[in-house]
Amino acid sequence: MNLSPKAVRFLVEALEFRIAAYQIQLDEQDLSEDEASEITNDMMFLESLLQELKKMRDIPVSQVF
């Protein structure tokens, strides 16, 4: 999938926001072991996506003349 630089920046910001919200949920709520495990797994998946998007974001866009 080809994403514009703006789309990549938007996705990075959205993932960072969701990961932070998950972390707050883990820190502040009394979760069952299963709920905490599910949230942790989701966070790890989102963090791997975030790292890939950050790599895409850091690749310079070739200029078209």
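Residue numbers count from 1 along this sequence. Values in this document were obtained by computation on a predicted structure and should not be read as measured data. No hydrogens, no waters, no symmetry mates; every other heavy atom, side chains included, goes into these values.
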Query - Working for side chain to side chain contact (heavy atoms under 4.5 Å, CB included), residues Glu16 and Lys54 - result: CA-CA 11 Å; Glu16 289 173 339; Lys54 283 183 175 181; 3.4 Å; yes
Query raised in the report: Checking side chain to side chain contact (heavy atoms under 4.5 Å, CB included) for the pair Gln51/Ser48: CA distance, chi angles, key distance, verdict?
Result: CA-CA 5 Å; Gln51 294 308 314; Ser48 67; 5.8 Å; no
Query raised in the report: So Arg9 and Leu53, side chain to side chain contact (heavy atoms under 4.5 Å, CB included) or not? Walk me through it.
Result: CA-CA 8 Å; Arg9 287 191 308 271; Leu53 285 169; over 6 Å; no
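Inter-residue side-chain proximity for Ile24 and Gln29 is flagged as unmet; no heavy-atom pair is nearer than 4.5 Å. Tyr22 has its side chain within reach of Leu46: a pair of non-hydrogen atoms, C-beta onward, lies under 4.5 Å apart.
In this structure, Leu26 is a member of the same hydrophobic cluster as Phe45, with clusters built from ILVMFWY side-chain heavy atoms closer than 4.5 Å.
Between the side chain of Glu28 and the backbone N or O of Gln25 there is no donor-acceptor pair closer than 3.5 Å.
Rounding to the nearest 0.5 Å gives a distance of 12.0 Å between CZ of Phe10 and CG of Leu3. Here the OG atom belonging to Ser37 is positioned 11.0 Å from the CG atom belonging to Leu31, to the nearest 0.5 angstrom.
Atom CD of Glu47 is surrounded by more than 12 heavy atoms from other residues, nucleotides or ligands within 6.0 Å.
Checked for salt-bridge contact, Glu52 and Arg57 miss the test: no charged N lies under 4.0 Å from a carboxylate O.
When each of Glu38, Met44, Met43 is paired with Thr40, the side-chain contact (heavy atoms from CB on, under 4.5 Å) condition holds for Met44 and for no other.
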